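Encoded as structure tokens, the structure appears first; notes follow it.
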Amino acid sequence: MLDRRTRQPSPKRIAVEEVAKVLRLYREKYFDLNVKHFVEKLHQEEDISLSYSWVKTALQNAGLVKRYAKRGPHRRKRPRRPLPGMMLHVDGSRHRWIAGLDQYQDLIVIFDDATSEVYDVQLVDEESTSTVMASLKRVVEKRGLFCSLYSDRGSHMAWTPKAGEPVHARNPTQIARALAQLGIELILAYSPQARGRCERLFGTWQGRLPQELRLRQITTIEAANEFLRQDWIAIHDASFSVKAEQSGTAFLRYPGKDLDKIFSQQHERVIDNDNTVRFEGRSLQIPQQTFRFSMARCRVLVCEHLDQTLSVHYGHHLLGRYDASGQLLQLAGSTKTVDPTDRRRLMKAQAHSDRHREERKKNQKRKKEAA
């Protein structure tokens, strides 16, 4: 390199050997990294402190990376929320994240709008109600309650009667119901441009994460999730998170102990005369209760939990918990026996209630016939 002003070799010239080493490293080891990611690897792992502009020009001149056309007009970004916890983003991206697997995976990410700090990340075979619920539950347990959640209009987030129309607010999904129980506002995006912050994050990760997994020889979803939670979140936050506009936090610790019930898929059922509940081909036997002799014809709530177990609730009463096959599990404190006197009292009270109900039905039928 010659300085044309002094007609002398430039003091900033790079040795030919170092140039050849940089090009060889990109060809043989870092061939699938973008330029910025490659420069970070040179600084952190190869002890080569060359600038981004120089490395990019060298790779382009060698034909190893493309020259891209000038970008379009600049658009103003939506201002960030001033405090962490005011609004979180959740989204999933389908991509071949693990190079060793000849299939696509979904990556579910929850991050803060104020700082871009990642709170949870999970690699799954397919994004679904249960996988998104599991991520949200971990965030609430670790960070606390937040104010709002920004999401797309996926079928597990909102129900849209017809494509392009507004969502059906009176028919919430399981996730929307869980958020409403916690007092968290669900904000739905109506275009990809409205989720620009999510799209940019996934664009960055698609150019970095698969390469990091390849360099670490990670070829399974289990190993990838361990790397994501132990290392990748910290790597992302160190490079891409920003400082919040204001000091403080909008997170609130959740005081309750019913997150397992809230973050479950809930379905209403009516107990049969033999004190069983039918649920998706399984028959759940309701055990004897201390507050009522028989639960027949009662309307109950069946909860399908994230660990595949089931539970049946009548108001605030937990009637039973079951494994995935529908077999009754022993409840803590359920070995207490019912006093015979109390049982007789319950039987008499229930018989009186049943007689009263039957008489009311007969009176209603007579009135209809008379009319």
Side-chain angles (χ1 to χ4, degrees), residues 85 87-95 97-98 101 103-112 117-159 172-188 198 201-202 205 209 218 220-234 236 251-254 256-267 279-280 301-311 313 321-324 329:
M87 184 168 76
L88 271 57
H89 295 262
V90 61
D91 202 1
S93 174
R94 192 156 186 81
H95 186 68
W97 295 101
I98 302 178
L101 298 180
Q103 61 184 14
Y104 286 82
Q105 304 88 31
D106 283 342
L107 188 69
I108 302 173
V109 181
I110 299 178
F111 66 97
D112 201 295
E117 182 181 356
V118 173
Y119 294 142
D120 192 81
V121 57
Q122 181 183 14
L123 193 64
V124 296
D125 291 327
E126 187 174 2
E127 183 181 4
S128 64
T129 296
S130 58
T131 54
V132 175
M133 270 190 170
S135 295
L136 291 171
K137 182 173 180 284
R138 285 193 293 268
V139 173
V140 173
E141 288 175 337
K142 184 177 180 180
R143 299 281 178 169
L145 296 176
F146 46 94
C147 299
S148 62
L149 182 70
Y150 199 78
S151 170
D152 60 12
R153 292 187 298 154
S155 59
H156 52 280
M157 302 299 297
W159 182 65
T173 62
Q174 295 285 348
I175 294 177
R177 184 265 314 154
L179 294 174
Q181 283 186 255
L182 295 172
I184 298 173
E185 180 186 7
L186 177 60
I187 304 174
L188 299 172
C198 288
L201 180 139
F202 282 126
W205 283 26
L209 182 55
I218 295 176
T220 64
I221 291 180
E222 293 76 14
N225 279 325
E226 184 178 358
F227 165 72
L228 287 171
R229 290 177 182 139
Q230 293 185 359
D231 300 316
W232 181 251
I233 291 179
H236 170 271
F251 281 106
L252 288 175
R253 185 181 64 85
Y254 180 65
K257 298 181 180 179
D258 54 350
L259 288 179
D260 286 338
K261 181 182 178 182
I262 293 175
F263 286 108
S264 66
Q265 299 190 49
Q266 302 180 359
H267 311 270
F279 180 74
E280 296 185 356
L301 192 68
V302 179
C303 298
E304 190 174 7
H305 298 279
L306 297 174
D307 60 359
Q308 305 303 313
T309 61
L310 303 170
S311 63
H313 300 261
R321 187 176 288 275
Y322 308 82
D323 62 18
L329 300 174

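From a predicted model like this one, the values you see are computed outputs, not experimental measurements.
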Check whether any side-chain heavy atom of [X] sits under 4.5 Å from a side-chain heavy atom of [Y], and report yes or no.
X      : Y      : result
Lys137 : Asp260 : yes
Phe227 : Leu209 : yes
Met133 : Arg138 : no
His313 : Cys303 : yes
Leu136 : Leu149 : yes
Ile262 : Leu182 : yes
Lys261 : Gln266 : yes

With distance as the sole test, does [X] use its side chain to make a donor-acceptor pair with the main-chain N or O of [Y] at under 3.5 Å?
X      : Y      : value
Gln105 : Gln103 : yes
Asp125 : Asp106 : no
Thr173 : His156 : yes
Asp112 : Leu88  : no

Rounded distance (nearest 0.5 Å) linking atom [atom1] of [X] with atom [atom2] of [Y]:
X      : Y      : atom1 : atom2 : result
Leu310 : Glu280 : CG    : CD    : 8.0 Å
Ile184 : Cys147 : CD1   : SG    : 8.5 Å
Leu179 : Ser148 : CG    : OG    : 10.0 Å
Thr220 : Leu101 : OG1   : CG    : 7.5 Å
Asp307 : Ser264 : CG    : OG    : 10.0 Å
Asp91  : Ile110 : CG    : CD1   : 10.5 Å

Are [X] and [Y] linked by a side-chain donor-acceptor pair shorter than 3.5 Å?
X      : Y      : value
Asp120 : Ser135 : yes
His305 : Ser311 : yes
Gln174 : Thr129 : no

Does the pair Val140 and Phe263 meet the rule for a side chain to side chain contact (heavy atoms under 4.5 Å, CB included), with working shown? CA-CA 11 Å; Val140 173; Phe263 286 108; 4.3 Å; yes
Which pair of non-hydrogen atoms, one from [X] and one from [Y], has the smallest distance, and what is that distance?
X      : Y      : result
Leu188 : Ala158 : CD1-CB, 3.5 Å
Ile221 : Leu123 : CG2-O, 3.3 Å
Ala224 : Ile218 : N-CG2, 3.5 Å
Leu306 : Ser130 : CD2-O, 3.5 Å
Gly144 : Phe251 : O-CD2, 3.7 Å

Which is it for His267 and Phe279 under the side chain to side chain contact (heavy atoms under 4.5 Å, CB included) test, yes or no, and what are the steps along the way? CA-CA 9 Å; His267 311 270; Phe279 180 74; 3.5 Å; yes
With a 4.0 Å cut-off on N to O distance, would you call Arg143 and Glu117 a salt bridge?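 Looking at Arg143 and Glu117, the cut-off is met.
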Using the rule given for ring-ring contact (aromatic ring centres under 6.0 Å, His included), can you reason through Phe146 versus Tyr254, listing the C-alpha separation, both sets of side-chain angles and the distance that settles it, and then say yes or no? CA-CA 10 Å; Phe146 46 94; Tyr254 180 65; over 10 Å; no
For a side chain to side chain contact (heavy atoms under 4.5 Å, CB included) check, start with the C-alpha distance between Ile108 and Val121, then their side-chain angles and the critical distance, and finish with the verdict. CA-CA 6 Å; Ile108 302 173; Val121 57; over 6 Å; no
Check against side chain to side chain contact (heavy atoms under 4.5 Å, CB included), Leu107 and Gln122: CA-CA 6 Å; Leu107 188 69; Gln122 181 183 14; over 6 Å; no
So, Tyr104 versus His95, ring centres under 6.0 angstrom or not?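 Here the rings of His95 and Tyr104 have centres that are no less than 6.0 Å from each other.
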Return the set of residues passing side-chain contact (heavy atoms from CB on, under 4.5 Å) with Leu201 (not counting sequence neighbours), or none when no residue passes.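 Leu201 satisfies side-chain contact (heavy atoms from CB on, under 4.5 Å) with Val109, Phe111, Trp205, His236 only.
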